[in-house]
Peer 1: 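Sharing a structure, written as structure tokens. Questions coming.
Just so it is clear: chains get the letters A, B, ... in the order the sequence lines come, proteins before strands, and each one is counted from 1.
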Number of protein chains: 2
Amino acid sequence: MATINDVCKATGYSKATVSRVLNGTGQVKAATRDAVLSAMQSLGYQPNAMAQALATNTSNTIGLILPHFQSSYFGSILHHAEQSTQQASKKLLVVNSRNTASGEREAVATLANQRCDAILLYSRHLSIADLAALQQSVLPPLIILNRQFEDNTLHSFGLDQRQLAEIAMQHLLSLGHRHIACITSPLASETGQIRYAVYQQMLEQQQITMQPGWVHEGTNTLASGYQAVEQLLSSQQSVSAIFACNDDMAIGAIRALFDHGLRVPQDVSVMGIDNEPAAAYAIPSLTTVSLPIVQLTQDAMTLAVSLANKEHAQTRHQTYSGELVLRESTQALTSANSSY
Amino acid sequence: MATINDVCKATGYSKATVSRVLNGTGQVKAATRDAVLSAMQSLGYQPNAMAQALATNTSNTIGLILPHFQSSYFGSILHHAEQSTQQASKKLLVVNSRNTASGEREAVATLANQRCDAILLYSRHLSIADLAALQQSVLPPLIILNRQFEDNTLHSFGLDQRQLAEIAMQHLLSLGHRHIACITSPLASETGQIRYAVYQQMLEQQQITMQPGWVHEGTNTLASGYQAVEQLLSSQQSVSAIFACNDDMAIGAIRALFDHGLRVPQDVSVMGIDNEPAAAYAIPSLTTVSLPIVQLTQDAMTLAVSLANKEHAQTRHQTYSGELVLRESTQALTSANSSY
DNA sequence: CTGAAAGCGCTTACAG
DNA sequence: CTGAAAGCGCTTACAG
């Protein structure tokens, strides 16, 4: 590919002035700019981003670390992150943390070596102390997604996990349900722990004694929701409602109930969290909690871009809350299903 | 961050030998390697990937261009592409083409400027001639996804779109259906055109006269499948089966039928293409065509990695076919629904 | 086994 | 308004 030297030879100008027209910086006579531009054009010259990065110490690149890419949830984050990046004329570097602590660490190191100007880390496995230490060892500013904490070296954008779970449980309780099963998100994650803790606490508040067999740990997948219900049913426990900690598990659960001849919501109410697109089209459609994930992503990216542009920003910690989305999969407890 | 010069100062060795231990190249005395290594360790030294790229003219980076990131289909491609990249100790650069021709072009330019060692382009909008021209203007080898053609400057990995659509239509026809609606993928794309053409041709072969109102163009989304059925129903056309050109539209269609009091498959059979995870858990579960997208992605990435490693490879053109996945949403035509 | 030097393709003070 | 020169952080023949 053509380099800046080729443009110099073609025009007779020095690298300095070619660089100036390339970047629109400094003073350049109109005539020479035109000459340079047309030479670039005809040579098909494109500046080498690596060389620019090395010279300027900015790569115009933003890193994004996600546990994986296989859900509409992460698809949405990815989509909006990419949009924001493109609007800011930067590039998005995407790395997968394989949903492990070491993966999160390695991914940060990788992106730091690529000299990303800012790194968004969707973290599930590192402690706040780990994250703070990681930021010390690494130049680009870290923006932590999916966590809530206070720390003045790190930025964070997270969902109010307590509130999300409370909305869901509150809805089920307000419908009169007392025998409520829970299909949890992985309990190794903070998200999983908080949602489950809220489930327990709200049952306690209502003086409801949680029965063994009500709780099944899932993996946020359709299949794990399905399996959880099969276990629930085989445990002979009777519940009138199921709180699935995400939509995919809720949809898997509904299918399992269906396969066992149980109707949703007439026999069992089911609710999820996420409000993924499929929730509205499922049969029955899924009552759930919608997450402002688009807003969260955009806000985090706005910060990432200004950090990348070296606009000094104070550490920010932002928390978002969700909203109940009422649909068909839940209904008030009736004598018909109170036996469950 | 620490640079190679810091390591030199700490150890007293030159950049050349530090570089040698870093890359494990050339001869280095064990003692000096240990010294260098421990200095790197204590300094937290990490080589600057930009500088390495500039010096070696390889970025260890593979580019991936997708129309968007919001579907399990692209999520799966992304996931497996990232896996392969990580296994090869390279980095994945992801760019969105915004599902437009200019977006595809710009994305390639962007990734070429980043000096990606190979670029995977999921292309829907550029002609083969355009693609070949693009390859001429750009250094890194292009691997085209989602297209079938012969060209000795370009590699390609694509699905046999004819075969996919044929399997689907064949299934419906073999069940005795003759009044079959089609919800197409966007007809601006080659995929959309081929699937629709197969639909028409197979009806013709059976001497079935396609009725106006049977065909509705969708956008591959749940919502567009839903709308298509509403239009179909309002057109007063009677069909006993619907061929939706992807699973999301099929699921949207089923929901619309449900909302209008029509049962699937008793009143109308519905089938899709993709075999996305949700298809197995939908109620009714969805008959569809599974795509070997994992295999395709892995094969394409294997090629990308060897091209990135400068292992000269002949241009490859690979085509993959799908398989029928029988589930609940289709059944044989009966007297009960022959009136539709 | 090790080092000095040139080079990768840019940018950016500094002079003029 | 323009150019010469140094520098960004590496690698890689070439000597020794």
Peer 1: Looking at the side chain of A:Ala55, which of D:dC8, D:dT2, C:dC1 is the nearest nucleotide?
Peer 2: D:dC8

Peer 1: Does B:Ser14 put a side-chain nitrogen or oxygen below 4.0 Å from OP1 or OP2 of C:dG3?
Peer 2: yes

Peer 1: Output the rounded distance in Å from CD1 (A:Ile4) to P (C:dC8).
Peer 2: 13 Å

Peer 1: Roughly, in whole Å, what's the span from CG in B:Leu139 to P in C:dG9?
Peer 2: 11 Å

Peer 1: Looking at every strand, decide which applies to B:Thr3 at a 4.0 Å heavy-atom threshold: base, sugar-phosphate, or nothing.
Peer 2: sugar-phosphate

Peer 1: Dot-bracket, 5' to 3', for DNA chain D please: Watson-Crick or G-U pairs under 3.5 Å, [ ] where pairs cross earlier ones, | where the partner sits on another strand, dots elsewhere.
Peer 2: |||.||||||||.|||

Peer 1: Do the side-chain N or O atoms of B:Ser19 get closer than 4.0 angstrom to the phosphate oxygens (OP1, OP2) of D:dT11?
Peer 2: yes

Peer 1: Please enumerate all protein N or O atoms sitting under 3.5 Å from an N or O of nucleotides 14-16 of chain D, with distances to 0.1 Å.
Peer 2:
none

Peer 1: State whether the side chain of A:His80 and the backbone N or O of A:Gln298 hold a donor-acceptor pair below 3.5 Å, judged by distance alone.
Peer 2: no

Peer 1: Kindly say if B:Thr56 contacts the phosphate of D:dT11, meaning a side-chain N or O under 4.0 Å from OP1 or OP2.
Peer 2: no

Peer 1: Hey, what do you get for CG (B:Leu307) to CD1 (B:Ile62), rounding to the nearest 0.5 Å?
Peer 2: 8.5 Å

Peer 1: Can you check the B:Asn23 CG to D:dA13 C1' distance for me, whole Å?
Peer 2: 15 Å

Peer 1: Atom CG of B:Asn5 and atom P of C:dG3: how far apart are they, to the nearest Å?
Peer 2: 13 Å

Peer 1: With the side chain of A:Leu54 defined as its heavy atoms from C-beta on, choose the nearest nucleotide among C:dG9, D:dT11, C:dC1.
Peer 2: C:dG9

Peer 1: I need the CE-C1' distance between A:Met1 and C:dC10, as an integer number of Å.
Peer 2: 14 Å

Peer 1: Rounding to a whole Å, what distance do you find between B:Lys9:NZ and C:dG3:C1'?
Peer 2: 17 Å

Peer 1: Could you state the atom-to-atom distance from NZ of A:Lys15 to C1' of D:dC1 in whole Å?
Peer 2: 19 Å

Peer 1: Mind running a 4.0 Å heavy-atom check of residues 42-53 of chain A against DNA chain C and sending the residues that fall below it, in number order?
Peer 2: A:Tyr45, A:Gln46, A:Pro47, A:Asn48, A:Ala51, A:Gln52

Peer 1: So A:Thr32, base contact, sugar-phosphate only, or nothing? Heavy-atom distance under 4.0 Å.
Peer 2: sugar-phosphate

Peer 1: Could you give the CD-to-C1' distance, from A:Gln114 to D:dC8, as a whole number of Å?
Peer 2: 16 Å

